[in-house]
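Below, chain A is the first sequence line, B the second, and so on; all start at residue 1. Below, all heavy atoms of this structure are taken into account, side chains as well, without hydrogens, waters or symmetry copies.
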Number of protein chains: 2
Amino acid sequence: MIVTGELVNGERLDEISLSEKFGCSRTPLREAFQSLAASGLLELIPHRGAFVRHPDLSDMIEMFEVMAELEAFCGRLAARRVTQQDLAELYRTVIACEDAVANNDSDRYYAENEKFHHLLYKASGNQFLADQAGQLHRRLKPYRRLQLRVRGRLEQSLSEHRAILEALENGNADDVAVALRAHVAVQGGKFNDLMASYKSFQQSGQKFGT
Amino acid sequence: MIVTGELVNGERLDEISLSEKFGCSRTPLREAFQSLAASGLLELIPHRGAFVRHPDLSDMIEMFEVMAELEAFCGRLAARRVTQQDLAELYRTVIACEDAVANNDSDRYYAENEKFHHLLYKASGNQFLADQAGQLHRRLKPYRRLQLRVRGRLEQSLSEHRAILEALENGNADDVAVALRAHVAVQGGKFNDLMASYKSFQQSGQKFGT
DNA sequence: AATTCCAATATTGTATACAAAAATCTTGAC
DNA sequence: GTCAAGATTTTTGTATACAATATTGGAATT
(Lines give C-alpha, C1' and ligand atoms only; values in the text may rest on other atoms or scores of the structure.)
Protein backbone atom coordinates (compact mmCIF):
# COMPACT_ATOMS: atom_id res chain seq x y z
CA MET A 1 0.00 0.00 0.00
CA ILE A 2 1.34 3.36 -0.93
CA VAL A 3 0.69 6.82 0.36
CA THR A 4 1.93 9.68 -1.72
CA GLY A 5 1.32 13.31 -1.15
CA GLU A 6 2.66 16.71 -0.41
CA LEU A 7 2.41 17.01 3.32
CA VAL A 8 3.42 19.65 5.77
CA ASN A 9 4.28 18.97 9.36
CA GLY A 10 1.38 18.79 11.76
CA GLU A 11 -1.20 18.43 9.03
CA ARG A 12 -4.22 16.30 9.81
CA LEU A 13 -5.00 13.59 7.29
CA ASP A 14 -8.69 13.45 6.56
CA GLU A 15 -9.87 9.89 6.14
CA ILE A 16 -12.83 10.70 3.91
CA SER A 17 -11.10 12.95 1.40
CA LEU A 18 -8.14 10.57 1.22
CA SER A 19 -10.41 7.60 0.68
CA GLU A 20 -12.06 9.45 -2.20
CA LYS A 21 -8.65 10.36 -3.59
CA PHE A 22 -7.48 6.76 -3.53
CA GLY A 23 -10.80 5.26 -4.51
CA CYS A 24 -11.02 3.00 -1.52
CA SER A 25 -12.94 2.97 1.71
CA ARG A 26 -11.76 4.23 5.07
CA THR A 27 -10.91 0.76 6.37
CA PRO A 28 -7.71 0.11 4.38
CA LEU A 29 -6.73 3.73 4.86
CA ARG A 30 -6.87 3.38 8.61
CA GLU A 31 -4.72 0.27 8.38
CA ALA A 32 -2.20 2.21 6.33
CA PHE A 33 -2.26 4.96 8.96
CA GLN A 34 -1.37 2.46 11.64
CA SER A 35 1.46 1.09 9.60
CA LEU A 36 2.81 4.59 8.96
CA ALA A 37 2.39 5.48 12.62
CA ALA A 38 4.38 2.39 13.58
CA SER A 39 7.26 3.58 11.44
CA GLY A 40 7.03 7.02 12.97
CA LEU A 41 5.77 9.02 10.01
CA LEU A 42 2.36 9.71 11.50
CA GLU A 43 1.09 10.25 14.97
CA LEU A 44 -2.34 8.83 15.75
CA ILE A 45 -4.21 10.67 18.46
CA PRO A 46 -7.33 8.85 19.70
CA HIS A 47 -10.54 10.49 18.56
CA ARG A 48 -8.54 13.26 16.93
CA GLY A 49 -7.04 11.72 13.85
CA ALA A 50 -3.75 11.12 12.08
CA PHE A 51 -1.17 13.90 12.05
CA VAL A 52 1.92 14.17 9.91
CA ARG A 53 4.99 14.16 12.13
CA HIS A 54 8.18 15.22 10.49
CA PRO A 55 11.22 14.64 12.62
CA ASP A 56 12.74 17.97 13.56
CA LEU A 57 16.44 18.61 13.25
CA SER A 58 17.20 17.33 16.72
CA ASP A 59 15.20 14.14 16.10
CA MET A 60 17.23 13.57 12.99
CA ILE A 61 20.54 14.10 14.73
CA GLU A 62 19.42 11.58 17.33
CA MET A 63 18.46 9.07 14.66
CA PHE A 64 21.74 9.47 12.82
CA GLU A 65 23.56 9.04 16.12
CA VAL A 66 21.84 5.68 16.59
CA MET A 67 22.27 4.72 12.94
CA ALA A 68 26.02 5.29 13.20
CA GLU A 69 26.22 3.06 16.23
CA LEU A 70 24.07 0.32 14.73
CA GLU A 71 26.16 0.28 11.57
CA ALA A 72 29.37 0.30 13.57
CA PHE A 73 28.08 -2.72 15.48
CA CYS A 74 27.09 -4.44 12.24
CA GLY A 75 30.62 -3.80 11.04
CA ARG A 76 32.22 -5.11 14.20
CA LEU A 77 30.22 -8.33 13.99
CA ALA A 78 30.78 -8.59 10.26
CA ALA A 79 34.52 -8.35 10.77
CA ARG A 80 34.25 -11.71 12.53
CA ARG A 81 31.43 -13.30 10.61
CA VAL A 82 31.61 -12.04 7.04
CA THR A 83 31.74 -14.72 4.37
CA GLN A 84 33.81 -14.74 1.21
CA GLN A 85 30.63 -14.36 -0.77
CA ASP A 86 29.58 -11.30 1.23
CA LEU A 87 33.00 -9.77 0.62
CA ALA A 88 32.72 -10.46 -3.08
CA GLU A 89 29.31 -8.82 -3.27
CA LEU A 90 30.50 -5.83 -1.27
CA TYR A 91 33.42 -5.53 -3.63
CA ARG A 92 31.06 -5.51 -6.61
CA THR A 93 29.06 -2.62 -5.17
CA VAL A 94 32.26 -0.64 -4.62
CA ILE A 95 33.22 -1.20 -8.26
CA ALA A 96 29.74 -0.15 -9.33
CA CYS A 97 30.03 2.95 -7.15
CA GLU A 98 33.32 3.83 -8.76
CA ASP A 99 31.65 3.57 -12.11
CA ALA A 100 28.78 5.75 -10.94
CA VAL A 101 31.17 8.39 -9.64
CA ALA A 102 33.09 8.35 -12.91
CA ASN A 103 29.84 9.05 -14.75
CA ASN A 104 28.68 11.45 -12.07
CA ASP A 105 25.51 9.38 -11.84
CA SER A 106 24.25 10.13 -8.36
CA ASP A 107 21.07 8.06 -8.75
CA ARG A 108 23.07 4.99 -9.60
CA TYR A 109 25.51 5.75 -6.80
CA TYR A 110 22.63 6.05 -4.43
CA ALA A 111 21.27 2.64 -5.41
CA GLU A 112 24.65 0.93 -5.07
CA ASN A 113 25.35 2.72 -1.81
CA GLU A 114 22.10 1.31 -0.47
CA LYS A 115 23.10 -2.16 -1.59
CA PHE A 116 26.48 -1.78 0.14
CA HIS A 117 24.90 -0.93 3.44
CA HIS A 118 22.31 -3.68 3.30
CA LEU A 119 24.99 -6.21 2.48
CA LEU A 120 26.86 -5.01 5.52
CA TYR A 121 23.82 -5.42 7.73
CA LYS A 122 23.37 -8.94 6.46
CA ALA A 123 27.07 -9.70 6.91
CA SER A 124 26.68 -9.01 10.62
CA GLY A 125 25.18 -12.47 10.85
CA ASN A 126 22.51 -11.07 13.17
CA GLN A 127 19.19 -10.98 11.37
CA PHE A 128 17.47 -8.97 14.06
CA LEU A 129 20.19 -6.35 13.95
CA ALA A 130 20.04 -6.32 10.18
CA ASP A 131 16.28 -5.72 10.30
CA GLN A 132 16.60 -2.91 12.82
CA ALA A 133 19.39 -1.26 10.87
CA GLY A 134 17.42 -1.64 7.64
CA GLN A 135 14.34 -0.05 9.17
CA LEU A 136 16.21 2.96 10.45
CA HIS A 137 18.13 3.23 7.21
CA ARG A 138 14.84 3.38 5.34
CA ARG A 139 13.49 6.01 7.66
CA LEU A 140 16.49 8.25 7.11
CA LYS A 141 16.39 7.68 3.39
CA PRO A 142 14.98 11.03 2.22
CA TYR A 143 17.53 12.98 4.20
CA ARG A 144 20.55 10.95 3.18
CA ARG A 145 19.44 11.14 -0.39
CA LEU A 146 19.86 14.88 -0.54
CA GLN A 147 23.17 14.75 1.28
CA LEU A 148 24.64 12.75 -1.56
CA ARG A 149 23.94 15.66 -3.87
CA VAL A 150 26.48 17.77 -2.03
CA ARG A 151 29.49 18.44 -4.24
CA GLY A 152 32.36 16.09 -3.56
CA ARG A 153 30.32 13.89 -1.25
CA LEU A 154 30.17 11.04 -3.74
CA GLU A 155 33.94 10.74 -3.95
CA GLN A 156 34.32 11.00 -0.21
CA SER A 157 31.64 8.40 0.40
CA LEU A 158 33.24 6.06 -2.09
CA SER A 159 36.65 6.27 -0.48
CA GLU A 160 35.03 5.59 2.87
CA HIS A 161 33.40 2.49 1.42
CA ARG A 162 36.80 1.34 0.23
CA ALA A 163 38.28 1.84 3.68
CA ILE A 164 35.44 -0.05 5.30
CA LEU A 165 35.76 -2.94 2.92
CA GLU A 166 39.52 -3.07 3.41
CA ALA A 167 39.17 -3.16 7.19
CA LEU A 168 36.58 -5.92 6.79
CA GLU A 169 38.93 -7.97 4.64
CA ASN A 170 41.61 -7.58 7.29
CA GLY A 171 39.12 -8.71 9.91
CA ASN A 172 39.92 -5.72 12.07
CA ALA A 173 36.71 -5.12 13.99
CA ASP A 174 37.78 -1.84 15.58
CA ASP A 175 38.87 -0.34 12.28
CA VAL A 176 35.59 -1.33 10.65
CA ALA A 177 33.59 0.17 13.51
CA VAL A 178 35.51 3.42 13.50
CA ALA A 179 35.30 3.77 9.75
CA LEU A 180 31.57 3.08 9.70
CA ARG A 181 30.81 5.39 12.56
CA ALA A 182 32.63 8.18 10.77
CA HIS A 183 30.91 7.29 7.50
CA VAL A 184 27.42 7.51 8.96
CA ALA A 185 27.72 10.00 11.77
CA VAL A 186 26.67 13.59 11.36
CA GLN A 187 29.71 15.57 12.39
CA GLY A 188 31.75 18.52 11.24
CA GLY A 189 30.82 19.73 7.78
CA LYS A 190 28.24 17.03 7.36
CA PHE A 191 26.09 18.73 9.95
CA ASN A 192 25.63 21.68 7.64
CA ASP A 193 24.91 19.35 4.74
CA LEU A 194 22.27 17.64 6.81
CA MET A 195 20.74 20.93 7.84
CA ALA A 196 20.60 22.08 4.24
CA SER A 197 19.04 18.82 3.10
CA TYR A 198 16.60 19.03 5.97
CA LYS A 199 15.45 22.50 5.03
CA SER A 200 15.19 21.58 1.38
CA PHE A 201 13.15 18.57 2.36
CA GLN A 202 10.90 20.65 4.57
CA GLN A 203 10.17 23.14 1.82
CA SER A 204 9.61 20.86 -1.13
CA GLY A 205 6.74 18.50 -1.48
CA GLN A 206 7.81 15.04 -0.48
CA LYS A 207 6.89 11.47 -1.05
CA PHE A 208 6.44 8.76 1.49
CA GLY A 209 6.39 5.19 0.31
CA THR A 210 5.73 2.00 2.19
CA MET B 1 -5.96 -2.56 24.10
CA ILE B 2 -4.97 -5.80 25.71
CA VAL B 3 -4.46 -9.27 24.36
CA THR B 4 -4.07 -12.05 26.84
CA GLY B 5 -3.93 -15.69 26.12
CA GLU B 6 -2.06 -18.91 26.20
CA LEU B 7 -0.52 -19.19 22.81
CA VAL B 8 1.78 -21.65 21.22
CA ASN B 9 4.20 -20.84 18.49
CA GLY B 10 2.86 -20.90 14.94
CA GLU B 11 -0.76 -20.87 16.05
CA ARG B 12 -3.17 -19.03 13.81
CA LEU B 13 -5.36 -16.49 15.55
CA ASP B 14 -8.92 -16.78 14.36
CA GLU B 15 -10.52 -13.37 14.05
CA ILE B 16 -14.07 -14.58 14.54
CA SER B 17 -13.58 -16.69 17.65
CA LEU B 18 -11.37 -14.01 19.21
CA SER B 19 -13.92 -11.32 18.48
CA GLU B 20 -16.53 -13.43 20.25
CA LYS B 21 -14.16 -13.98 23.15
CA PHE B 22 -13.51 -10.27 23.57
CA GLY B 23 -17.03 -9.19 22.77
CA CYS B 24 -16.04 -6.88 19.97
CA SER B 25 -16.09 -7.00 16.22
CA ARG B 26 -13.29 -7.99 13.90
CA THR B 27 -12.32 -4.41 13.09
CA PRO B 28 -10.60 -3.47 16.37
CA LEU B 29 -9.12 -6.96 16.54
CA ARG B 30 -7.44 -6.52 13.19
CA GLU B 31 -6.03 -3.21 14.37
CA ALA B 32 -4.64 -4.93 17.44
CA PHE B 33 -3.11 -7.59 15.20
CA GLN B 34 -1.31 -4.93 13.21
CA SER B 35 0.01 -3.35 16.35
CA LEU B 36 1.24 -6.68 17.66
CA ALA B 37 2.75 -7.52 14.30
CA ALA B 38 4.62 -4.21 14.35
CA SER B 39 6.20 -5.15 17.66
CA GLY B 40 7.11 -8.56 16.32
CA LEU B 41 4.78 -10.75 18.33
CA LEU B 42 2.62 -11.75 15.40
CA GLU B 43 3.27 -12.32 11.75
CA LEU B 44 0.54 -11.26 9.36
CA ILE B 45 0.46 -13.20 6.13
CA PRO B 46 -1.83 -11.69 3.46
CA HIS B 47 -4.98 -13.72 2.90
CA ARG B 48 -3.72 -16.27 5.38
CA GLY B 49 -4.11 -14.69 8.78
CA ALA B 50 -2.20 -13.78 11.93
CA PHE B 51 0.30 -16.28 13.30
CA VAL B 52 1.96 -16.28 16.68
CA ARG B 53 5.68 -15.91 16.27
CA HIS B 54 7.73 -16.73 19.30
CA PRO B 55 11.37 -15.87 18.91
CA ASP B 56 13.41 -19.03 18.89
CA LEU B 57 16.60 -19.33 20.88
CA SER B 58 18.76 -17.90 18.12
CA ASP B 59 16.38 -14.95 17.68
CA MET B 60 16.69 -14.26 21.36
CA ILE B 61 20.45 -14.40 21.36
CA GLU B 62 20.41 -11.95 18.48
CA MET B 63 18.10 -9.63 20.35
CA PHE B 64 20.19 -9.74 23.49
CA GLU B 65 23.25 -9.04 21.40
CA VAL B 66 21.61 -5.87 20.10
CA MET B 67 20.22 -4.98 23.51
CA ALA B 68 23.70 -5.14 25.02
CA GLU B 69 25.06 -2.82 22.37
CA LEU B 70 22.17 -0.36 22.66
CA GLU B 71 22.58 -0.19 26.42
CA ALA B 72 26.33 0.18 26.10
CA PHE B 73 25.76 3.08 23.76
CA CYS B 74 23.23 4.62 26.13
CA GLY B 75 25.85 4.32 28.83
CA ARG B 76 28.58 5.86 26.73
CA LEU B 77 26.40 8.84 25.92
CA ALA B 78 25.16 9.07 29.48
CA ALA B 79 28.74 9.21 30.75
CA ARG B 80 28.96 12.56 28.99
CA ARG B 81 25.41 13.82 29.37
CA VAL B 82 24.07 12.49 32.64
CA THR B 83 22.71 15.10 35.03
CA GLN B 84 23.09 15.23 38.79
CA GLN B 85 19.41 14.49 39.11
CA ASP B 86 19.71 11.38 36.92
CA LEU B 87 22.61 10.19 39.05
CA ALA B 88 20.61 10.75 42.20
CA GLU B 89 17.68 8.76 40.85
CA LEU B 90 19.95 5.97 39.68
CA TYR B 91 21.48 5.90 43.12
CA ARG B 92 18.05 5.57 44.68
CA THR B 93 17.23 2.52 42.56
CA VAL B 94 20.51 0.90 43.58
CA ILE B 95 19.65 1.47 47.25
CA ALA B 96 16.20 0.03 46.64
CA CYS B 97 17.75 -2.95 44.89
CA GLU B 98 20.04 -3.54 47.85
CA ASP B 99 17.01 -3.55 50.05
CA ALA B 100 15.22 -5.97 47.76
CA VAL B 101 18.19 -8.32 47.74
CA ALA B 102 18.41 -8.16 51.54
CA ASN B 103 14.78 -9.24 51.71
CA ASN B 104 15.21 -11.69 48.85
CA ASP B 105 12.29 -9.94 47.16
CA SER B 106 12.83 -10.72 43.50
CA ASP B 107 9.64 -9.00 42.37
CA ARG B 108 10.70 -5.75 43.94
CA TYR B 109 14.21 -6.19 42.59
CA TYR B 110 12.76 -6.72 39.16
CA ALA B 111 10.77 -3.48 39.34
CA GLU B 112 13.73 -1.43 40.54
CA ASN B 113 16.01 -3.05 38.00
CA GLU B 114 13.60 -1.94 35.30
CA LYS B 115 13.65 1.59 36.66
CA PHE B 116 17.45 1.59 36.67
CA HIS B 117 17.64 0.68 33.02
CA HIS B 118 14.99 3.14 31.92
CA LEU B 119 16.73 5.91 33.81
CA LEU B 120 19.89 4.99 31.99
CA TYR B 121 18.16 5.15 28.61
CA LYS B 122 16.84 8.57 29.47
CA ALA B 123 20.23 9.71 30.74
CA SER B 124 21.65 9.08 27.27
CA GLY B 125 20.08 12.38 26.28
CA ASN B 126 18.93 10.79 23.04
CA GLN B 127 15.18 10.32 23.13
CA PHE B 128 15.09 8.21 19.99
CA LEU B 129 17.71 5.87 21.39
CA ALA B 130 15.85 5.74 24.69
CA ASP B 131 12.65 4.76 22.87
CA GLN B 132 14.38 2.07 20.84
CA ALA B 133 16.11 0.66 23.89
CA GLY B 134 12.86 0.76 25.85
CA GLN B 135 10.99 -1.10 23.12
CA LEU B 136 13.55 -3.87 22.91
CA HIS B 137 13.77 -4.03 26.68
CA ARG B 138 10.03 -4.57 26.83
CA ARG B 139 10.18 -7.26 24.21
CA LEU B 140 12.81 -9.18 26.12
CA LYS B 141 10.95 -8.73 29.37
CA PRO B 142 9.51 -12.23 29.83
CA TYR B 143 12.87 -13.86 29.27
CA ARG B 144 14.86 -11.57 31.52
CA ARG B 145 12.27 -11.97 34.20
CA LEU B 146 12.95 -15.65 34.59
CA GLN B 147 16.70 -15.15 34.50
CA LEU B 148 16.52 -13.09 37.67
CA ARG B 149 15.13 -16.12 39.45
CA VAL B 150 18.45 -17.91 39.05
CA ARG B 151 20.16 -18.32 42.41
CA GLY B 152 22.77 -15.67 43.06
CA ARG B 153 21.81 -13.66 40.01
CA LEU B 154 20.26 -10.89 42.11
CA GLU B 155 23.46 -10.22 44.02
CA GLN B 156 25.54 -10.34 40.85
CA SER B 157 23.16 -8.02 39.03
CA LEU B 158 23.21 -5.59 41.93
CA SER B 159 26.99 -5.40 42.07
CA GLU B 160 27.01 -4.82 38.32
CA HIS B 161 24.59 -1.94 38.79
CA ARG B 162 26.93 -0.48 41.38
CA ALA B 163 29.88 -0.73 39.02
CA ILE B 164 27.89 0.90 36.21
CA LEU B 165 26.81 3.75 38.44
CA GLU B 166 30.34 4.26 39.70
CA ALA B 167 31.74 4.43 36.18
CA LEU B 168 28.97 6.89 35.28
CA GLU B 169 29.87 9.11 38.21
CA ASN B 170 33.49 9.06 37.10
CA GLY B 171 32.36 10.01 33.62
CA ASN B 172 34.37 7.17 32.11
CA ALA B 173 32.46 6.29 28.95
CA ASP B 174 34.45 3.19 28.10
CA ASP B 175 34.08 1.72 31.58
CA VAL B 176 30.34 2.33 31.50
CA ALA B 177 30.03 0.73 28.09
CA VAL B 178 32.06 -2.32 29.03
CA ALA B 179 30.19 -2.80 32.30
CA LEU B 180 26.80 -2.48 30.62
CA ARG B 181 27.65 -4.78 27.77
CA ALA B 182 28.74 -7.40 30.26
CA HIS B 183 25.63 -6.79 32.35
CA VAL B 184 23.23 -7.32 29.47
CA ALA B 185 25.04 -9.70 27.17
CA VAL B 186 24.30 -13.38 27.14
CA GLN B 187 27.65 -15.02 27.68
CA GLY B 188 29.23 -17.73 29.71
CA GLY B 189 26.95 -19.17 32.35
CA LYS B 190 24.19 -16.77 31.49
CA PHE B 191 23.67 -18.60 28.24
CA ASN B 192 22.48 -21.63 30.15
CA ASP B 193 20.27 -19.46 32.32
CA LEU B 194 18.72 -17.97 29.22
CA MET B 195 18.17 -21.37 27.69
CA ALA B 196 16.50 -22.60 30.84
CA SER B 197 14.27 -19.54 31.06
CA TYR B 198 13.47 -19.91 27.39
CA LYS B 199 12.35 -23.50 27.79
CA SER B 200 10.36 -22.69 30.88
CA PHE B 201 8.71 -19.86 29.00
CA GLN B 202 7.97 -22.09 26.06
CA GLN B 203 6.29 -24.69 28.22
CA SER B 204 4.18 -22.51 30.44
CA GLY B 205 1.28 -20.48 29.26
CA GLN B 206 2.31 -16.90 28.79
CA LYS B 207 0.83 -13.48 28.70
CA PHE B 208 1.34 -10.73 26.21
CA GLY B 209 0.26 -7.27 27.10
CA THR B 210 0.18 -4.13 25.00
C1' DA C 1 -4.88 -46.38 -5.75
C1' DA C 2 -3.10 -41.95 -6.71
C1' DT C 3 -3.58 -37.58 -8.72
C1' DT C 4 -5.70 -33.68 -10.59
C1' DC C 5 -9.31 -30.60 -11.26
C1' DC C 6 -13.38 -28.41 -9.74
C1' DA C 7 -16.72 -27.09 -6.46
C1' DA C 8 -17.94 -25.99 -1.76
C1' DT C 9 -16.56 -23.81 2.36
C1' DA C 10 -14.14 -21.01 5.33
C1' DT C 11 -11.43 -16.96 6.14
C1' DT C 12 -9.37 -12.67 5.10
C1' DG C 13 -9.99 -8.01 2.95
C1' DT C 14 -13.06 -4.08 1.95
C1' DA C 15 -17.17 -1.18 1.92
C1' DT C 16 -20.79 0.83 4.22
C1' DA C 17 -23.79 1.88 8.00
C1' DC C 18 -24.16 3.20 12.65
C1' DA C 19 -22.40 4.94 17.31
C1' DA C 20 -19.56 7.83 20.05
C1' DA C 21 -16.66 11.52 20.66
C1' DA C 22 -14.78 15.96 19.51
C1' DA C 23 -15.07 20.39 17.22
C1' DT C 24 -17.77 24.12 15.71
C1' DC C 25 -21.44 27.17 15.50
C1' DT C 26 -25.38 29.46 17.44
C1' DT C 27 -27.83 31.62 20.85
C1' DG C 28 -28.47 33.73 25.08
C1' DA C 29 -26.99 36.08 29.23
C1' DC C 30 -24.08 39.35 31.49
C1' DG D 1 -19.25 43.14 22.88
C1' DT D 2 -17.68 39.03 25.10
C1' DC D 3 -18.10 34.77 27.16
C1' DA D 4 -20.39 30.52 28.06
C1' DA D 5 -23.53 26.75 27.52
C1' DG D 6 -25.99 23.94 24.52
C1' DA D 7 -27.18 22.18 19.98
C1' DT D 8 -25.44 20.93 15.50
C1' DT D 9 -22.09 19.17 12.60
C1' DT D 10 -18.07 16.88 11.61
C1' DT D 11 -14.98 13.15 12.34
C1' DT D 12 -13.23 9.09 14.46
C1' DG D 13 -14.28 4.35 16.18
C1' DT D 14 -16.93 0.02 15.69
C1' DA D 15 -20.15 -3.37 13.79
C1' DT D 16 -21.88 -5.74 10.06
C1' DA D 17 -22.52 -7.02 5.35
C1' DC D 18 -20.38 -8.18 1.13
C1' DA D 19 -16.42 -9.48 -2.04
C1' DA D 20 -12.24 -11.81 -3.01
C1' DT D 21 -9.01 -15.23 -2.03
C1' DA D 22 -7.34 -19.45 -0.09
C1' DT D 23 -8.16 -23.98 1.68
C1' DT D 24 -10.38 -28.31 1.77
C1' DG D 25 -13.05 -32.11 0.25
C1' DG D 26 -14.84 -34.97 -3.30
C1' DA D 27 -15.31 -36.88 -7.70
C1' DA D 28 -13.55 -38.29 -11.98
C1' DT D 29 -9.79 -39.88 -14.70
C1' DT D 30 -5.45 -42.15 -15.46
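Ser58(B) pairs by the side-chain hydrogen bond (donor to acceptor under 3.5 Å, both in side chains) definition with Asp56(B), not counting sequence neighbours. In this structure, the side-chain hydrogen bond (donor to acceptor under 3.5 Å, both in side chains) partners of Asp131(A), at least two apart in sequence or on a different chain, are Gln127(A). Here Phe116(A) pairs with His161(A) under the ring-ring contact (aromatic ring centres under 6.0 Å, His included) rule; sequence neighbours left out. Taking Arg30(B) as the reference, Glu31(A), Glu15(B) meet the salt bridge (charged side-chain N to carboxylate O under 4.0 Å, His left out) condition, with sequence neighbours excluded. Residues meeting the side-chain hydrogen bond (donor to acceptor under 3.5 Å, both in side chains) test with Asn103(B), sequence neighbours left out: none. Glu65(B) pairs by the salt bridge (charged side-chain N to carboxylate O under 4.0 Å, His left out) definition with Arg81(A), not counting sequence neighbours. Partners of Glu89(B) by salt bridge (charged side-chain N to carboxylate O under 4.0 Å, His left out), not counting sequence neighbours: none found. With sequence neighbours excluded, no residue forms a salt bridge (charged side-chain N to carboxylate O under 4.0 Å, His left out) with Glu20(A).
Closest approach to the Asp14(A) side chain among dT12(D), dA15(D), dT14(C) is made by dT12(D) (side chain taken as heavy atoms from C-beta onward).
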Quick one: which protein N/O atoms are closer than 3.5 Å to N/O atoms of nucleotides 17-19 of chain C? Pair and distance per line, please.
none

Nucleotides 5-10 of chain C: which of its N/O atoms have a protein N/O under 3.5 Å away?
none

Could you list all N or O pairs between the protein and nucleotides 20-24 of chain C that sit under 3.5 Å apart?
residue, atom, partner, partner atom, Å
dA23(C), OP1, Arg48(A), NE, 2.6
dA23(C), OP1, Arg48(A), NH1, 3.3

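Counting only distance, with no hydrogens or angles, the side chain of Tyr109(A) and the backbone of Asp99(A) share no donor-acceptor pair below 3.5 Å.
In the helix from dA1(C)-dT30(D) to dC30(C)-dG1(D), the terminal helix axes, each the rotation mapping four pairs' C1' atoms onto the next four within five end pairs, subtend 10°, rounded to 10°.
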